[in-house]
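Scroll down for the structure; my scribbles are underneath it.
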Amino acid sequence: MSEYKKDSLSLTGAIGLGTGVMISAGIFALLGQVAALAGMWFPIMFVVGGIVTGFSAYSYVKMSNEYPSAGGIGMFLAKAYGQGTVTASAAMLMAVSMVINQSLVARTFGTYTLQIFNMDATSYLVPVLAVGLLLFAFLVNISGNSFIQTFTSIVSLLKIIGLVVFAMGGLWVAGFSITPAEGSGSTEDATITSMIAAVALTILSFKGFTTITNSGSEIVKPHKNIGRAIVASISISLFVYLLVAWAVSSNLPLNEIIAARDYSLAEAARPAFGNYGVWFTVGIAIIATVSGIIASVFAVSRMLAMLTDMKLIPHKHFGMPGRIQKHTLVYTIVLAMVLAVIFDLSRIASVGAILYLVMDMIVHWGVFKHLRDKVDANPVIVMTAFILDGIVLAAFMWVKLMNDWLIVVVSIIFIIIIFIGEYVFLKHRNDGEEGHAH
């Protein structure tokens with residue numbers, strides 16, 4: 001497993017990591033779910049999600065400029081709250097949400113791959129393929145930073161080009177008529193609350209920019225390039241999302257987009273280009289999910305290693321050789337495999353969105369309350385990000401309570417377990433250190 005290595009990631013490599021995580025399951029798996037909540041105007045929700053993410057990214061850019069770190073968010077929280085329960089718990093919420101995203105990406109890979117063979121998305125082969133992809137990501141991640149940034153940068157470029165070709169082709173077939181997808185009698189009308197809730201899922205499709213912050217100390221000229229990489233990644237992703245969403249909207253009626261929500265891009269290619277279009281779209285999906293999972297695993301394993309070094313989370317070797325980074329990589333992959341087998345795409349995405357938004361609000365409050373002067377952050381922008389997150393989270397949880405209350409319960413249990421577990425761990429750690437001092 002590679003060590004933290006200063007200047008081992010270029011600006012291009014950092015952008016490749018960011019877009020590698022973002023442009024994966026975000027557009028392939030979430031587009032249909034966003035349509036189910038937002039109705040025919042679902043493409044606009046990606047714009048709104050991009051705006052909310054832009055406000056959120058402000059805090060991370062300011063923190064990264066002041067504290068570039070391979071621990072990323074874990075280090076930011078420690079600067080804001082100290083090395084206590086809030087820092088450890090919020091960092092774990094981020095780590096868990098990233099692992100959840102990995103399982104989402106892995107299942108998306110399985111779902112789209114089966115479309116080549118006209119197999120049902122509920123097939124047992126979906127989790128089998130997901131586990132296989134996660135194993136491949138593990139093998140790539142033990143090969144070192146240089147290979148990872150080269151691989152993800154090239155693959156990110158390929159999938160961006162592929163998605164733009166797909167979108168332009170779809171719009172060309174539709175006569176470049178950018179019109180909302182037509183509904184039907186079986187499609188429920190979207191409400192203001194459900195549209196706001198849809199923004200939560202679009203935010204999840206943008207949150208890959210945090211991958212860049214988690215590799216901060218490894219990026220060349222981090223004080224300048226971290227911010228540049230974040231802005232570039234979000235901008236590129238927003239452009240691609242909007243183009244693809246309108247292409248799908250122009251080629252499929254709303255009820256069919258929702259019915260095929262786990263593989264809506266492949267279904268949208270069928271009327272425009274037939275089976276060749278489906279195969280092309282599946283090929284892009286495979287490329288996108290492979291690069292996304294590799295970049296995400298790269299980031300979260302390093303964040304967990306930093307939290308372990310800071311003694312904020314428990315660590316056990318289980319007889320494994322090598323350094324802590326390799327161990328956290330193994331933990332990350334194993335947990336993602338378990339989640340990919342147990343949960344379906346919709347529920348994985350929902351839990352991930354809730355955990356991420358809670359963590360994001362904790363970060364913004366920490367910057368506003370404790371660090372705004374130190375990092376030269378505008379308090380109005382930071383509090384705007386905090387309030388927007390709160391509105392989106394409340395709307396999303398309300399909609400889920402009405403339609404799938406178990407998701408909300410599971411998410412709250414996750415949060416409670418993490419906070420209680422960290423409190424107990426840190427209390428025992430502090431007691432042990434005091435006893436040792438005596």
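Positions are given from 1 along the sequence.
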| Can you name the residues that form a side chain to side chain donor-acceptor pair (under 3.5 Å) with S233, not counting sequence neighbours? | none

| message | Surrounding CZ of F239 (heavy atoms of other residues, nucleotides or ligands, distance under 6.0 Å), is the total greater than 12? | response | no

| task | Measure from the side-chain N and O atoms of Y112 to the backbone N and O of G283, and report whether any donor-acceptor pair falls under 3.5 Å. | result | no

| Where is the tightest heavy-atom contact between P43 and L242, given as atom of each residue plus distance? | O-CD1, 3.7 Å

| So Y241 and F206, would you call those rings parallel, tilted or perpendicular, with 30° and 60° as cut-offs? | perpendicular

| field | Nearest-0.5 Å distance, CD1 of residue I116 to OG1 of residue T281 | value | 10.5 Å

| Would you call L171 and L243 a side-chain contact if the rule is heavy atoms closer than 4.5 Å? | yes

| task | Taking side-chain contact (heavy atoms from CB on, under 4.5 Å) as the test, write out the residues that go with I342, two or more places apart. | result | V338

| Out of curiosity, T289 OG1 to I287 CD1, how far, rounded to the nearest 0.5 Å? | 9.0 Å

| request: State, with a plain yes or no, whether a side-chain heavy atom of I293 is found less than 4.5 Å away from one of F109. | output: no

| task | Measure the spacing between CD1 of I230 and OG1 of T53 and express it to the nearest 0.5 Å. | result | 11.5 Å

Could you pull out every donor-acceptor pair under 3.5 Å between side chains of residues 83-93 and any protein atom, sequence neighbours left out?
residue: T87; atom: OG1; partner: L77; partner atom: O; Å: 3.0
residue: T87; atom: OG1; partner: G82; partner atom: O; Å: 2.5
residue: S89; atom: OG; partner: T85; partner atom: O; Å: 2.7

| message | Nearest 0.5 Å, please: how far is CZ in F209 from OG in S237? | response | 11.0 Å

| remark: Smallest heavy-atom separation, A336 atom then S103 atom, equals O-CB, 3.5 Å

| For G32 against S264, the heavy-atom pair lying closest together | N-OG, 3.8 Å

| said: Are L129 and L114 packed together at the side-chain level, in the sense that at least one heavy-atom pair is separated by less than 4.5 angstrom? | reply: yes

| field | Polar side-chain atom of S64 near backbone of Y60 as donor-acceptor pair, under 3.5 Å | value | yes

| query | Where is the tightest heavy-atom contact between G39 and A190, given as atom of each residue plus distance? | reply | N-CB, 3.9 Å

| query | Heavy atoms, side chains only, cut-off 4.5 Å: are L265 and L163 in contact? | reply | yes

| Which pair of non-hydrogen atoms, one from L254 and one from M40, has the smallest distance, and what is that distance? | CD2-N, 3.7 Å

| task | Measure the CG-CD distance between L204 and Q33 for me, rounded to the nearest 0.5 Å. | result | 9.0 Å

| said: Going by side chain to side chain donor-acceptor pair (under 3.5 Å), name the residues that satisfy it together with Y356, two or more places apart in sequence or in a different chain. | reply: none

| task | Assert yes or no for the condition that the ring centre distance of F368 to F386 is strictly below 6.0 Å. | result | no

| message | Checking V165 against F280 for the side chain to side chain contact (heavy atoms under 4.5 Å, CB included) test, could you report, in this order, the C-alpha distance in whole Å, the side-chain angles of both residues, the deciding distance, and whether it holds? | response | CA-CA 10 Å; V165 169; F280 177 75; 4.0 Å; yes

| said: side chain to side chain contact (heavy atoms under 4.5 Å, CB included) for S56 and H364? Distances and angles first, verdict last. | reply: CA-CA 8 Å; S56 288; H364 296 319; 3.3 Å; yes

| request: Mind checking salt bridge (charged side-chain N to carboxylate O under 4.0 Å, His left out) for E267 and listing every partner two or more places apart, or none if nothing turns up? | output: R270

| field | Any donor-acceptor pair under 3.5 Å from Y81 side chain to G366 backbone | value | yes

| request: Assess whether side-chain hydrogen bond (donor to acceptor under 3.5 Å, both in side chains) is satisfied between T191 and S194, documenting all intermediate values. | output: CA-CA 5 Å; T191 64; S194 67; 3.3 Å; yes

| note | The reported gap from OG1 in T111 to CG in L125 (rounded to nearest 0.5 angstrom) is 11.0 Å

| Taking atom CZ of F55 as the centre, does the number of heavy atoms from other residues, nucleotides or ligands within less than 6.0 Å exceed 12? | no

| query | Within a strict 4.5 Å, meaning less than it, do heavy atoms of the P127 and R107 side chains meet? | reply | yes

| message | Taking K207's backbone N and O only, do any of them form a donor-acceptor pair with T210's side chain (distance below 3.5 Å, no angle check)? | response | yes

Name the atoms and distances for all side-chain donor-acceptor pairs under 3.5 Å in residues 392-406, with sequence neighbours left out.
residue: K400; atom: NZ; partner: S350; partner atom: OG; Å: 3.4
residue: N403; atom: ND2; partner: V399; partner atom: O; Å: 3.2
residue: D404; atom: OD1; partner: R347; partner atom: NH2; Å: 3.0
residue: D404; atom: OD2; partner: R347; partner atom: NE; Å: 3.0

| query | With side chains defined as the heavy atoms from C-beta onward, is the minimum distance between I354 and I407 less than 4.5 Å? | reply | yes

| task | Under the side chain to side chain contact (heavy atoms under 4.5 Å, CB included) rule, what do K62 and V367 come out as? Steps first, then yes or no, please. | result | CA-CA 9 Å; K62 286 295 184 180; V367 173; 5.8 Å; no

| Would you say the side chain of L135 lies within less than 4.5 Å of the side chain of I333, judging by non-hydrogen atoms? | no

| Closest heavy-atom contact between A266 and V282? | CB-CG2, 4.5 Å

| said: Is there a side-chain contact between L37 and M195 in this structure, where contact means two heavy atoms from C-beta onward sitting under 4.5 Å apart? | reply: no

| query | Does R372 use its side chain to pair, donor to acceptor, with the backbone of P379 at less than 3.5 Å? | reply | no

| N251 side chain to G170 backbone, donor-acceptor under 3.5 Å | yes

| message | Ignoring hydrogens and geometry beyond distance, is a side-chain donor-acceptor pair present between S205 and T202 at under 3.5 Å? | response | no

| field | Side-chain (Y58) to main-chain (N378) donor-acceptor, under 3.5 angstrom | value | yes

| said: Using side chain to side chain contact (heavy atoms under 4.5 Å, CB included), reason through L31 and I257 one step at a time and then give a plain yes or no. | reply: CA-CA 8 Å; L31 190 146; I257 296 173; 4.1 Å; yes

